[in-house]
Amino acid sequence: MTTRTTSHTTGTTTTATPQRGIGSGFGPRSTAQEVLRGIDLTGKLALVTGGYSGLGLETTRALAAAGARVVVPARRRAAAEEALAGVTGAVEVDTLDLSDLDSVRAFADRFLASGRGIDIMVGNAGVMACPEARVGPGWEAQFATNHLGHFALVNRLWPALAAGGARVVAVSSRGHQLSGIRWDDVHFARGYDKWLAYGQAKTANVLFAVHLDALGRDAGVRAFALHPGEILTPLTRHVSREEMLDAGWVDEEGNVSGSFKTPEQGAATQVWAATSPRLAAIGGVYCEDCDIAEPVDTAGKVARDELTTGVSAHATDPEQAARLWRLSAELTGVDAFAEGA
């Protein structure tokens, strides 16, 4: 197999993190609690978008139990406060709608005013395969919420991230294999396909991590993207029972496929990426099953029933990552790394 590397260039220094496994000692059935065993996060601050539902809730639980103070910005604040009421540890909730850039700015301003640094940021919130919807100035909702909202949030929070030498974790999906960035029609003006839109958004998550790592490395900020695994969570609310049956996610009796993970197992890879000492000197890579994933050749069109382990080249290409960063900065009007910013 050809080993693909993600190359980063800043100034006159070039480094490369191999996109290949490091033998973490964990696997697909490891849980968030297991990967945190022996890790003390006392005094650390973590920010987890969507940290009150599904994998986000399990991530919040695990980080808080390890001693971190966890900030959970939530679109449905009351629901978040109710869901997090029983979590052991220091957790605080604030308001944030990733599909609304004014909401992103307001949250970031409030957080920066607190004067705190961020040690861990997990971009967990998102939508999947939703009906066609437009937000902001007509942006396709999955690209806008899953990618552009997190892009704007990270750039606005950059002073706090740099102060903490943070790890930024972008929760992507194996679904990135469905589509690269549709440079000629990013917002699906010419015919909407909910799964291609999801695939594009998940590719954007990976490319975002690639370029953020290149830009942030000298400030001690490292970035990772990942596939958490197949898990039935509220993220699937837009997927019909028929689609789940056709995909083999459930059987006629509603039993979940044995290949699916529990939420505790699904949260493990993002917690591992956010905290593992093994990742201290690397970044800009895509992970799965609590390890760095291997490259996979998906040069042709991939159907949903053909998704496989590994990361596609279109999601780790540094040139496409830089191009997406420029496009995202143009669309959102935010770029912490622009000259004069």
Would you call [X] and [Y] a side-chain contact if the rule is heavy atoms closer than 4.5 Å?
| X | Y | answer |
| --- | --- | --- |
| K261 | P28 | yes |
| I22 | R278 | yes |
| T49 | H150 | yes |
| L55 | P228 | yes |
| L279 | F224 | yes |
| R110 | T95 | yes |
| R167 | L161 | no |
| V285 | D213 | no |

Within this structure, what is the [atom1]-[atom2] distance for the pair [X] and [Y], rounded to the nearest 0.5 Å?
| X | Y | atom1 | atom2 | result |
| --- | --- | --- | --- | --- |
| L148 | L98 | CG | CG | 10.5 Å |
| N205 | S173 | CG | OG | 9.0 Å |
| L327 | L207 | CG | CG | 11.5 Å |
| R105 | R156 | CZ | CZ | 5.5 Å |
| S172 | R174 | OG | CZ | 11.5 Å |
| T308 | D297 | OG1 | CG | 11.0 Å |

Classify the ring geometry of [X] against [Y]: parallel below 30°, tilted from 30° to 60°, perpendicular beyond 60°.
| X | Y | value |
| --- | --- | --- |
| Y198 | W195 | perpendicular |
| H314 | H176 | perpendicular |
| F151 | H147 | tilted |

Any idea which heavy atoms bring [X] and [Y] closest together, and the distance?
| X | Y | answer |
| --- | --- | --- |
| A62 | Q33 | CB-NE2, 4.5 Å |
| Q142 | A197 | NE2-CB, 3.6 Å |
| S30 | V35 | CB-CG1, 4.3 Å |
| F188 | L196 | CZ-C, 3.7 Å |
| W183 | L324 | CH2-N, 3.5 Å |
| I120 | A274 | CG2-CB, 3.6 Å |

Do [X] and [Y] sit in the same hydrophobic cluster, where Ile, Leu, Val, Met, Phe, Trp and Tyr count as joined when their side-chain heavy atoms come under 4.5 Å apart?
| X | Y | answer |
| --- | --- | --- |
| W272 | V206 | no |
| L112 | M121 | yes |
| V210 | V311 | no |
| L178 | V296 | no |

Examine distances only and state if a side-chain atom of [X] and a backbone atom of [Y] form a donor-acceptor pair shorter than 3.5 Å.
| X | Y | result |
| --- | --- | --- |
| Q19 | A293 | yes |
| N124 | G50 | yes |
| Q177 | G310 | yes |
| N155 | V334 | no |
| S179 | G199 | no |
| D291 | G27 | no |
| K202 | V171 | yes |
| S276 | A273 | no |
| T262 | Q265 | yes |
| T145 | S99 | no |

E81: partners by salt bridge (charged side-chain N to carboxylate O under 4.0 Å, His left out), with sequence neighbours left out
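Partners of E81 by the salt bridge (charged side-chain N to carboxylate O under 4.0 Å, His left out) criterion, ordered by chain and then number, come out as R77.
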Are Y286 and H227 close enough that their ring centres sit under 6.0 Å apart?
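When the ring centroids of Y286 and H227 are compared, they turn out to be at least 6.0 Å apart.
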Is there a side-chain contact (heavy atoms from CB on, under 4.5 Å) between F111 and I118? Walk through the geometry before answering.
CA-CA 10 Å; F111 186 88; I118 298 173; 3.5 Å; yes
Charged N to carboxylate O below 4.0 Å: is that the case for E92 and R116?
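Here E92 pairs with R116 in a salt bridge, since their nearest N and O are under 4.0 Å apart.
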Run the side-chain contact (heavy atoms from CB on, under 4.5 Å) test on D100 and V135 for me, step by step, so that the C-alpha distance in whole Å, both residues' side-chain angles and the decisive distance to 0.1 Å come before the verdict.
CA-CA 8 Å; D100 180 349; V135 300; over 6 Å; no
Given side-chain contact (heavy atoms from CB on, under 4.5 Å), test L153 with L96 step by step and report yes or no.
CA-CA 10 Å; L153 182 62; L96 170 66; 3.9 Å; yes
Given side-chain contact (heavy atoms from CB on, under 4.5 Å), test R134 with E140 step by step and report yes or no.
CA-CA 5 Å; R134 303 284 158 179; E140 190 278 312; 4.0 Å; yes
Kindly state each residue pair satisfying side chain to side chain donor-acceptor pair (under 3.5 Å) with at least one member in residues 55-65, sequence neighbours excluded.
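Qualifying pairs: E58-R61, T59-Q270.
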What pairs meet the side chain to side chain donor-acceptor pair (under 3.5 Å) rule with one or both residues in residues 331-341, with sequence neighbours excluded?
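Side chain to side chain donor-acceptor pair (under 3.5 Å) check on residues 331-341 returns W325-D335.
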Quickly, which of T275, D119, V87 forms a side chain to side chain contact (heavy atoms under 4.5 Å, CB included) with L63? Name it, please.
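Of the listed options, the one satisfying the test is T275.
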Take R29 and D289 through the salt bridge (charged side-chain N to carboxylate O under 4.0 Å, His left out) test and state the conclusion after the steps.
CA-CA 8 Å; R29 298 302 173 187; D289 294 338; over 6 Å; no
Check the side chains of R182 and Q200 for a donor-acceptor pair under 3.5 angstrom, ignoring hydrogens and angles.
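Not at all, the side chains of Q200 and R182 share no donor-acceptor pair under 3.5 Å.
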